[in-house]
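Below: one structure, written as structure tokens.
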Amino acid sequence: VQLSTGDMPREAIASGSELGQECQAIMSRGDLVSDDIVIALIEAQLQAAEAAGRAIFESFPSTIAQAESL
């Protein structure tokens, strides 16, 4: 399973989830989503991807906080 931090906020927005609505508000201002949001998106995807037994990260981790969470 490929996990792309560039695609995940857009997918969350498309899903209409609470996290997606938060991403929409941030991104509509032209801001980047926070590390906390990126980490939450990764955690949710990893739980869904556990059945696959493996994942490929694209653009993650890109900050020290993201690396520490990994």
Side-chain angles (χ1 to χ4, degrees):
V1 175
Q2 180 180 350
L3 303 177
S4 172
T5 57
D7 294 337
M8 286 190 295
R10 290 187 290 276
E11 291 168 359
I13 291 168
S15 76
S17 69
E18 185 177 323
L19 197 52
Q21 292 172 11
E22 191 174 345
C23 289
Q24 177 66 44
I26 294 166
M27 293 170 67
S28 67
R29 293 190 309 260
D31 294 330
L32 297 173
V33 296
S34 68
D35 284 340
D36 291 337
I37 292 174
V38 171
I39 291 165
L41 290 168
I42 288 285
E43 286 175 345
Q45 290 293 321
L46 283 177
Q47 290 173 3
E50 279 184 359
R54 58 189 180 274
I56 297 171
F57 296 101
E58 182 180 322
S59 303
F60 184 84
S62 61
T63 67
I64 292 172
Q66 291 176 9
E68 290 173 345
S69 74
L70 183 60

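As the structure is a prediction and not an experimental result, all values here were calculated from the model.
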Check: Taking side chain as C-beta onward, heavy atoms only, is Ile37 less than 4.5 Å from Leu19?
Finding: yes
Checklist line | Minimum side-chain heavy-atom gap Ile42-Thr5 below 4.5 Å | finding: yes
Notebook entry, point to check: Hey, are the side chains of Leu3 and Glu58 touching, using non-hydrogen atoms and a 4.5 Å cut-off?
Noted result: no
Margin query: Return the CG to CG distance between Leu70 and Leu46, rounded to the nearest 0.5 Å.
Written below: 8.0 Å
Notebook entry, point to check: Considering the options Ser28, Pro9, Ser34, which one meets the side chain to side chain contact (heavy atoms under 4.5 Å, CB included) requirement together with Cys23?
Noted result: Pro9
Notebook entry, point to check: Rounded to the nearest 0.5 Å, how far does CD1 of Ile26 lie from CG of Asp31?
Noted result: 7.5 Å
Margin query: Among Met8, Met27, Glu22, which residue satisfies the side chain to side chain contact (heavy atoms under 4.5 Å, CB included) criterion with Val33?
Written below: Met27
Check: Could you state the interatomic distance from OG (Ser69) to CG (Asp36), rounded to the nearest 0.5 Å?
Finding: 9.0 Å
Next item on the list: State the OG-CD distance between Ser4 and Gln45, to the nearest 0.5 angstrom.
Entry: 10.5 Å
Check: Does any non-hydrogen side-chain atom of Phe60 lie less than 4.5 Å from one of Leu41?
Finding: no
Margin query: I'd like to know whether CG of Leu32 has more than 12 heavy-atom contacts from other residues, nucleotides or ligands below 6.0 angstrom.
Written below: no
